[in-house]
There are 2 protein chains.
Amino acid sequence: MEKTLKQIKALSDGNRLRVVMALSAFGELCVCQITELLQVSTPTVSRHMSVLHNAGMVESRKDARWVHYRLSENFPEALLNWAESSVAGSRIILKDKQALETILSFPRDELCRARKQGLAV
Amino acid sequence: MEKTLKQIKALSDGNRLRVVMALSAFGELCVCQITELLQVSTPTVSRHMSVLHNAGMVESRKDARWVHYRLSENFPEALLNWAESSVAGSRIILKDKQALETILSFPRDELCRARKQGLAV
DNA sequence: TTTTTAGATACTTAATTAGCTAAATATATA
DNA sequence: TATATATTTAGCTAATTAAGTATCTAAAAA
C-alpha cells in the first residue's frame with residue numbers, strides 16, 4: 001500500500017499533475033522546458049521531478065548538460081488514463097498544451113539561455 | 001482540473017485510502033465502525049469523511065443517531081479499479097478486511113457503546 | 001586547464017494537513 | 001422535559017510540503 005500511496009501523493013500537487021499530463025502529451029521534456037511551463041524556479045522543478053522519480057513515475061536521460069524526463073514505462077496506465085480523461089478540457093491543461101507548443105518551437109539551447117537572462121517566452 | 005486534484009488529494013492520506021477500500025468492499029459503514037477500523041478518534045474520522053464528501057467521493061445517510069457512509073455513485077470507477085488492484089495483497093488492506101469482518105459481526109449499537117467505554121474489539 | 005552551464009541539493013519560510021481534546025449540535029430515549 | 005448519545009465543529013499542536021534563494025555538482029565548452 002505504501003507504493004500506491006506514494007504514487008497518489010506524487011500526483012496530488014497541481015504542478016506535478018501538469019507535468020505528468022505534459023509528458024504524456026509531448027513525450028519528453030527537459031528541466032528548462034518544464035520550468036518555463038510551470039513558471040517556477042529551476043530548483044522547484046528539480047524537486048518535483050525527484051518526487052515523481054522516487055514514486056517510479058518518471059525516468060530521465062542525460063544529454064550533454066540537459067536532463068530529459070519522460071513518463072516511466074511502469075507508470076500505471078489505468079491511472080494515467082483516468083487522470084487524462086478527468087482533466088481533459090480543463091482550462092489549465094488546454095493552456096499548457098498551447099504554451100508547450102510554443103516552448104517546443106524554440107531550440108532547447110536558446111530557451112535555456114533566454115530563461116537565464118530572464119527573457120523566456 | 002481543481003476537481004481532479006481534489007479527488008487525488010482526498011485519496012492521498014493512508015487512512016482515507018483505507019476507508020475507501022473498506023467502503024468498496026463492504027458497502028456501507030457508520031462512523032463508529034470506521035473509527036474502530038482506523039483506531040483514531042471519532043472527530044478525526046469525521047474530518048476525514050468530510051474531506052471525502054467534499055471531493056464528491058462519499059455519500060451519507062442518517063439512521064437514528066448513526067450516520068452511514070458509502071461510496072458515491074459518482075466515484076470515478078477507473079480510479080477505484082486502479083486503486084483496488086494497486087493495493088490488492090497489501091498487508092494493511094488484508095488486515096483491514098479481517099478486522100472489518102469482526103467489526104461487522106457486532107451489532108452496531110453494541111459496538112458504539114463498547115467504544116465509548118474504551119473496550120471495543 | 002579554466003570557465004560556463006544545467007540541474008541538484010541545502011536551508012529557510014509560509015502554508016497545509018493529520019491527530020488530539022473540548023465543546024457544540026441534533027435528536028433519540030427515558 | 002431532562003438526559004443520553006453519535007457525530008460534527010472549534011481550537012491547538014506537530015509534522016509535512018511547496019516555494020524561494022544560495023550553493024554545490026557534474027560535465028560540457030572555451
Side-chain angles (χ1 to χ4, degrees), chain A residues 2 5-6 8-19 28-55 58-69 103 106-118 120, chain B residues 2 5-6 8-19 28-55 58-69 103 106-118 120:
Chain A
E2 294 313 311
L5 206 47
K6 199 165 190 176
I8 297 174
K9 283 176 193 273
L11 286 189
S12 69
D13 171 74
N15 281 336
R16 289 202 291 275
L17 185 58
R18 288 168 70 193
V19 169
E28 191 172 74
L29 297 167
C30 72
V31 171
C32 68
Q33 288 167 333
I34 297 171
T35 301
E36 185 61 34
L37 173 69
L38 299 185
Q39 293 288 307
V40 293
S41 69
T42 300
T44 297
V45 169
S46 192
R47 195 179 298 106
H48 279 316
M49 300 318 291
S50 178
V51 172
L52 288 168
H53 183 258
N54 288 340
V58 297
E59 293 168 345
S60 60
R61 70 174 174 100
K62 198 89 181 269
D63 169 27
R65 296 196 193 80
W66 287 270
V67 178
H68 294 264
Y69 286 95
I103 290 167
F106 282 79
R108 183 191 54 190
D109 311 32
E110 290 184 19
L111 181 67
C112 294
R113 255 188 297 255
R115 282 206 60 75
K116 202 88 193 247
Q117 292 165 22
Chain B
E2 293 313 311
L5 205 50
K6 199 165 190 175
I8 297 174
K9 282 176 192 276
L11 287 189
S12 68
D13 171 74
N15 280 337
R16 287 202 291 275
L17 185 59
R18 286 167 73 194
V19 169
E28 192 174 71
L29 298 167
C30 70
V31 172
C32 71
Q33 288 166 334
I34 297 170
T35 300
E36 185 62 31
L37 174 69
L38 299 186
Q39 294 289 304
V40 293
S41 67
T42 302
T44 298
V45 169
S46 190
R47 189 177 299 106
H48 279 316
M49 300 318 290
S50 177
V51 171
L52 288 169
H53 183 260
N54 288 341
V58 296
E59 293 168 344
S60 61
R61 69 174 175 96
K62 196 89 182 266
D63 169 27
R65 296 195 194 80
W66 287 269
V67 176
H68 294 265
Y69 287 94
I103 290 167
F106 283 78
R108 183 192 55 189
D109 312 33
E110 290 183 18
L111 180 68
C112 294
R113 255 190 300 258
R115 282 207 58 80
K116 202 85 192 246
Q117 292 165 19

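Here is how names work: the chains are called A, B, and so on, in the same order as the sequence lines, proteins then strands, and each is numbered from 1.
Taking atom CD1 of A/Ile34 as the reference point, atom P of D/dA19 lies 14 Å away to the nearest angstrom. Across the protein-nucleic acid pair, A/Met49 atom CE and C/dT9 atom P stand 13 Å apart, rounded to whole Å. Between A/Arg61 atom CZ and C/dA6 atom P the separation is 16 Å, expressed in whole Å. A/Asn15 places its CG atom 9 Å from the P atom of D/dG20, with the value rounded to the nearest Å. Rounded to whole Å, the distance from NE2 on B/His53 to P on D/dT7 is 16 Å. To the nearest angstrom, C1' of C/dA8 lies 15 Å from CG of A/Leu52. In this entry the distance linking CD of A/Glu110 with C1' of C/dA6 reads 16 Å, nearest Å. Between the P atom of D/dA6 and the CG atom of B/Asp63 lies a distance of 12 Å, rounded to the nearest Å.
Judged by distance alone, with hydrogens and angles left aside, the side-chain atoms of B/Thr35 form a donor-acceptor pair with the main-chain N or O of B/Val31 at under 3.5 Å. Between the B/Arg16 side chain and the B/Leu11 main chain, no donor and acceptor come within less than 3.5 Å of each other. For A/Lys9 (side chain) and B/Ser12 (main-chain N/O), a donor-acceptor pair under 3.5 Å exists by modelled atom type. Looking at A/Gln33, its side chain does come within 3.5 Å of a backbone N or O of A/Cys30 through a donor-acceptor pair.
The nucleotide whose nearest atom lies closest to any side-chain atom of A/Arg65 is, among C/dC20, C/dA22, C/dT5, C/dT5. Across D/dT8, C/dA28, D/dA22, the shortest atom-to-atom separation from the side chain of B/Ala64 is found for C/dA28. For B/Pro43, the side-chain atoms get nearest to C/dT21 when compared with the rest of C/dA8, C/dT21, D/dT7.
Regarding contacts with the backbone of C/dA10, every side-chain N or O of A/Arg47 stays at 4.0 angstrom or more from both OP1 and OP2. Contact check, A/Thr44 against D/dA19: no side-chain N or O comes under 4.0 Å of OP1 or OP2. Side-chain N/O atoms of B/Tyr69 include none lying less than 4.0 angstrom from OP1 or OP2 on D/dA6. Residue A/His48 places at least one side-chain N or O under 4.0 Å from the OP1 or OP2 atom of D/dA19.
Between atom CE of residue A/Met49 and atom OG1 of residue A/Thr44 there is a gap of 13.0 Å, rounded to the nearest 0.5 Å.
Each of A/Lys9 and B/Val45 was matched to the nucleotide of DNA chain D holding its nearest heavy atom; the match closer to the 5' end belongs to B/Val45. Nearest-nucleotide mapping onto DNA chain D: of A/Val51 and B/Ser60, the residue sitting toward the 5' end is B/Ser60. Residues A/Thr42 and B/Ser41 each lie close to DNA chain C; by heavy-atom proximity, the contact nearer the 5' end of the strand is made by A/Thr42.
In this structure, A/Arg16 reaches the sugar-phosphate backbone alone: every heavy-atom distance under 4.0 Å involves primed, P, OP1 or OP2 atoms, never a base.
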